[in-house]
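The block underneath contains the structure these notes are about, expressed in structure tokens.
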Number of protein chains: 2
Amino acid sequence: MKGKFTYDYPRAALTTDCVVFGFDGENLKILLIKRGIEPYQGKWALPGGFMRIEETTDQCAQRELKEETGVSGVFMRQIQTFSSLNRDPRGRVVSVAYYALINPTLFNSIVITAGDDAADARWFNLEDVVSVKFLAFDHQIIIDTAIEKLRQEIRHYPIAFELMDERFTIKQLQTVYESILDKRFDRGNFHKKMVGTSANSIEFKMEVNNVMEDILYYNRPRKELKKNTGILIDTGEVVSGVKHKPAKIYRFDRSRFEELVRNSDFTFDF
Amino acid sequence: MKGKFTYDYPRAALTTDCVVFGFDGENLKILLIKRGIEPYQGKWALPGGFMRIEETTDQCAQRELKEETGVSGVFMRQIQTFSSLNRDPRGRVVSVAYYALINPTLFNSIVITAGDDAADARWFNLEDVVSVKFLAFDHQIIIDTAIEKLRQEIRHYPIAFELMDERFTIKQLQTVYESILDKRFDRGNFHKKMVGTSANSIEFKMEVNNVMEDILYYNRPRKELKKNTGILIDTGEVVSGVKHKPAKIYRFDRSRFEELVRNSDFTFDF
DNA sequence: CCAAAAGTGTTCTTTATACACCCATGT
DNA sequence: ACATGGGTGTATAAAGAACACTTTTGG
């Protein structure tokens with residue numbers, strides 16, 4: 001079986017690595033695998049592995065994640081390709097990096113499938129994985145790039161919902177944004193922006209210097225102009241068992257979102 | 001020399017392809033190469049080629065562009081990696097795609113270096129290359145992805161300057177934005193936003209119903225509050241030989257821009 | 001009733017948009 | 001002088017930010 005495949009020119013090996021993000025309700029987490037074999041045996045690394053000749057890199061990333069965690073059909077986006085000359089001691093290995101977003105249901109269903117190269121797996125808090133030096137290969141750089149990419153994308157695309165259950169409260173959504181962007185939002189403003197109501201201006205008459213004049217009074221709410229993008233749908237249900245006003249439960253209307261993007265210069269920016 | 005390199009498992013070949021954008025002062029252009037060899041001989045394709053084992057994909061993209069056009073040290077960014085199973089008739093070829101931005105000086109210095117695989121080269125207008133079907137491989141998809149990426153990035157990063165000479169007028173800058181985003185901007189507003197002055201609010205007293213009151217009057221320009229980000233530096237020079245008020249010539253202050261990004265939540269969005 | 005968090009309203013500030021006006025130049 | 005496009009100002013609209021008020025639940 002050795003040396004079966006020959007080429008006229010040397011070829012690099014192709015791998016995929018995947019930065020798996022999960023959300024436990026409070027913090028953003030990253031899944032790491034403890035390597036069971038050399039190189040970097042015993043070190044923590046990203047799930048991933050060599051691309052087979054009959055699959056795309058997308059399929060490879062999905063397959064490797066399934067082999068090592070048991071989850072499939074995961075939301076995944078390509079980050080970029082890493083090709084430093086000495087990034088792998090086994091030789092010339094080029095890796096296409098992905099990030100994956102895991103919703104709570106999948107998050108809880110993950111079972112560590114013991115295998116050749118996976119001795120253990122664990123969810124790490126973001127702050128424990130950023131700028132530390134215990135990772136295999138160039139996986140520290142890949143993770144830092146992934147976080148940057150995730151932060152960029154959540155500011156412009158509705159990917160936060162991939163980290164949440166289909167039904168959620170605005171407060172939960174806000175927590176996802178806050179933990180990814182590492183930034184606090186005003187509760188009321190976040191609520192209004194997400195649900196989609198906004199204030200407006202109103203004209204009224206006023207006596208100025210004993211003369212009636214039209215005065216423009218800015219930014220006073222005008223009820224009839226409140227607008228709702230309809231991106232979040234009120235399910236009519238509320239959370240129960242809390243000792244305060246129960247929060248409404250919403251779900252994300254993806255087709256409504258895509259319709260808005262198509263038919264207008266609608267943006268979804270934070 | 002044949003069959004010299006053997007591996008235990010089959011390996012895909014790795015290539016880079018580069019979408020080269022240029023600007024002729026009016027329109028955004030894309031550089032295409034007419035293929036001199038099979039496959040797709042005589043078809044137009046992106047400059048690019050096989051990665052050597054001792055170089056990174058970044059270096060490969062730069063080298064291939066230099067071999068085929070003579071220009072080096074070009075601004076280049078990775079787009080993404082394409083790995084469809086049948087994207088290349090020669091077999092399993094995975095390609096890392098880049099886009100490059102060429103400034104007018106380089107634009108005019110490009111010489112077509114006749115080689116094995118480059119029979120001819122030409123600048124195409126964007127609209128002649130989008131959604132047409134005469135390109136080799138999956139290069140149509142790569143170009144469409146590149147344009148989307150370029151549009152995304154110019155909205156948030158100061159990459160427009162890579163398409164221009166070091167010294168430029170605001171009008172020229174606007175033309176670059178307009179042709180990339182395929183959208184018209186208001187001349188005055190674009191100017192103010194770029195140079196960095198903005199209006200503000202002002203308080204003054206007014207007699208209302210025979211009583212003096214403080215009135216907040218919004219959005220009246222308050223000269224002392226005009227702010228200039230300092231990202232564009234007035235060189236003090238102006239264009240000459242035009243039969244109207246000569247435009248000021250600016251240059252981009254990259255270090256000032258990076259300082260702003262570091263020290264504040266400054267954004268550069270269009 | 002009270003505490004607590006959800007949801008809404010109010011106020012002020014800043015930015016966006018449309019367009020008008022003045023300015024400097026070559027003919 | 002005047003046509004042309006550069007540069008600045010003005011008016012209105014919309015969005016953002018800070019925070020106060022109101023509502024609904026469990027104890």
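Every chain is numbered from 1, with letters handed out A, B, ... down the list of sequences.
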Can you tell me the distance, in whole Å, between the [atom1] atom of [X] and the [atom2] atom of [N]?
X: A/Asp186; N: C/dT11; atom1: CG; atom2: P; answer: 17 Å
X: A/Gln172; N: C/dA5; atom1: CD; atom2: P; answer: 15 Å
X: B/Met194; N: D/dG6; atom1: CE; atom2: P; answer: 15 Å
X: B/Arg184; N: C/dA18; atom1: CZ; atom2: P; answer: 14 Å
X: A/Arg155; N: D/dG16; atom1: CZ; atom2: P; answer: 12 Å
X: A/Phe266; N: D/dA14; atom1: CZ; atom2: P; answer: 16 Å
X: B/Phe190; N: C/dT15; atom1: CZ; atom2: P; answer: 17 Å

*Toward the 5' end of DNA chain D, which comes first, B/Lys245 or A/Asp269, by nearest nucleotide?*
B/Lys245
Let's see if you can work this out: which of [options] has an atom nearest to the side-chain heavy atoms of [X]?
X: B/Asn189; options: C/dC19, D/dG7, C/dT25; answer: C/dC19
X: B/Lys248; options: D/dG6, C/dA4, D/dG7; answer: D/dG7
X: B/Ile170; options: C/dG7, D/dG7, C/dA24; answer: D/dG7

*asked:* Can you confirm if the NZ or CZ of A/Arg254 lies within 45° of the ring axis of A/Phe252 and under 6.0 Å from the centre of its six-membered ring?
replied: no
_Charged tip of B/Arg122 within 45° of B/Phe124 ring normal and under 6.0 Å_ =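 Judged by the rule (NZ or CZ under 6.0 Å from the ring centre, within 45° of its axis), B/Arg122 counts as positioned above B/Phe124.
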*Is the phosphate of D/dG7, meaning OP1 or OP2, less than 4.0 Å from a side-chain N or O of B/His191?*
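Yes.
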*Looking only at side-chain N and O atoms, does A/Lys193 come under 4.0 Å of OP1 or OP2 in D/dA15?*
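So the side chain of A/Lys193 is outside the cut-off, no N or O lying under 4.0 Å from OP1 or OP2 of D/dA15.
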*Would you mind telling me which residue lines up with the more 5' stretch of DNA chain C, A/Gly188 or A/Lys243, judged by nearest nucleotide?*
A/Lys243
*asked:* Taking any heavy-atom pair under 4.0 Å as a contact, classify A/Gly241: base, sugar-phosphate, or nothing.
replied: nothing
*Please confirm whether any donor atom in the side chain of B/Arg187 sits under 3.5 Å from an acceptor in the base of D/dG5, or the reverse.*
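No pair found.
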*asked:* I'd like to know if B/Lys192 reaches the base of D/dG9 with its side chain such that a donor and an acceptor end up less than 3.5 angstrom apart.
replied: yes
*asked:* Once you measure the plane-to-plane angle for A/Phe161 and A/Phe168, does it fall in the parallel (<30°), tilted (30-60°) or perpendicular (>60°) bin?
replied: tilted
*Looking at the rings of B/Phe23 and B/Phe107, which for Trp means the six-membered one, are their centres under 6.0 Å apart?*
no
*Might you work through the side-chain hydrogen bond (donor to acceptor under 3.5 Å, both in side chains) test for A/Tyr99 and A/Glu153, ending with a clear yes or no?*
CA-CA 11 Å; A/Tyr99 76 83; A/Glu153 304 217 326; 2.6 Å; yes
